[in-house]
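Data first, discussion second: the structure below is written as structure tokens.
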Amino acid sequence: MALKAKNIYQNLTFIQNQTKSNYSIIKSINPIIKSINSLNTNNHNYLFVSKLKKNNNHIKNIINYQLYNINYYSNSNSNSSSNSNSNSSSISNSNKLKIGDFGELTKTFSSKDIELFASLSEDNNPIHLDDEFAKSTKFGKRIVHGMLTSSLIGAVLGTKLPGQGSIYISQNLEFKSPVYLNEQIIAKIEVIEINKRIVTFNTTCRKIDGTIVIDGIAKVLVPQQYL
């Protein structure tokens, strides 16, 4: 039984290192999760099994987050009018950045999105999670985490414009208005300065009525292929 536990732990470590980039490994994780959960602490070293189960919960969080990202970006690439996510970009076919190029991504945050982000970030502020508590605040109802909304900016930078391989150097943010559940938010970035591989972007998130909810400036290290 101890050998089985050690094999499971080795598999868990391997999966922990590979999960973020390998969808097939994500899909095959469930049998190992079940094996870890089935370990009996009465028959094993308590600390060892506790470590397994602690890591197991961590892996579950990684899996949930990655599956969320996979589903999110898959939906973002869909042109279906029924999809809550959409994106656009003004970059030319040559993929060479120039001043004025912009990219956009649209997202509606559900209660499930907020709960998942709260679990991963450990930001369990009841203003985001508890309807009754939120009613007693000036907002009157639950609001989306500001950093969850702002993460759309990173999504545009890393997947739309400039694209894969782009690395954040800095980002300042001003949170100007609350975002409520199921409100459609449009994240937009626009190139305002190019200094060799350091590109500066104006970054905003807005509601469909034009209300700016986040405003800021990002500096990004851009792969040479985009310049």
Donor-acceptor list for residues 187-198 side chains, cut-off 3.5 Å, not counting sequence neighbours:
from   : atom 1 : to     : atom 2 : distance (Å)
Arg197 : NE     : Val222 : O      : 2.9
Arg197 : NH2    : Val222 : O      : 3.4

Does any pair with a residue in residues 143-176 pass ring-ring contact (aromatic ring centres under 6.0 Å, His included), and if so which ones, sequence neighbours excluded? Phe117-His145, His128-His145
What's in the same ILVMFWY side-chain cluster as Ile186, cut-off under 4.5 Å, chained through other members? Ile208
Salt bridge (charged side-chain N to carboxylate O under 4.0 Å, His left out): which pairs involve residues 200-227, sequence neighbours left out? Glu104-Arg206, Glu183-Lys207
Output the distance between atom CG (Asn172) and atom OG1 (Thr203), rounded to the nearest 0.5 Å. 7.0 Å
Clusters formed by hydrophobic residues whose side-chain heavy atoms approach within less than 4.5 Å: which one holds Ile127, and what are its other members? Phe133, Phe139, Ile143, Tyr180
Residues in side-chain hydrogen bond (donor to acceptor under 3.5 Å, both in side chains) contact with Thr149, at least two apart in sequence or another chain: none
Checking Ser177 now: which residues fulfil side-chain hydrogen bond (donor to acceptor under 3.5 Å, both in side chains) with it, not counting sequence neighbours? none
Do you know which two heavy atoms are closest between Asp113 and Ser110, and how far apart they sit? OD2-N, 2.9 Å
Applying side-chain hydrogen bond (donor to acceptor under 3.5 Å, both in side chains), name anything that partners Thr137, two or more places apart in sequence or on another chain. none
Taking only residues two or more places apart in sequence, or in another chain, which ones meet Lys176 in a salt bridge (Lys or Arg N to Asp or Glu O under 4.0 Å)? Glu174
Please name all residues satisfying side-chain hydrogen bond (donor to acceptor under 3.5 Å, both in side chains) with Lys141, sequence neighbours left out, ordered by chain then number. none
If hydrophobic clusters are built by linking Ile, Leu, Val, Met, Phe, Trp and Tyr wherever their side-chain heavy atoms come under 4.5 Å apart, do Ile217 and Leu157 end up in the same one? no
Return yes if a side-chain donor-acceptor contact under 3.5 Å exists between Glu115 and Ser119, otherwise no. no
Tell me, please, which residues at least two apart from Asp130 pass salt bridge (Lys or Arg N to Asp or Glu O under 4.0 Å). none
Going from CD1 on Ile214 to OG on Ser151, what distance comes out if it is rounded to the nearest 0.5 angstrom? 8.5 Å
Write out all pairs satisfying salt bridge (charged side-chain N to carboxylate O under 4.0 Å, His left out) with one or both partners inside residues 142-157, taking only residues at least two apart or from two chains. Asp131-Arg142
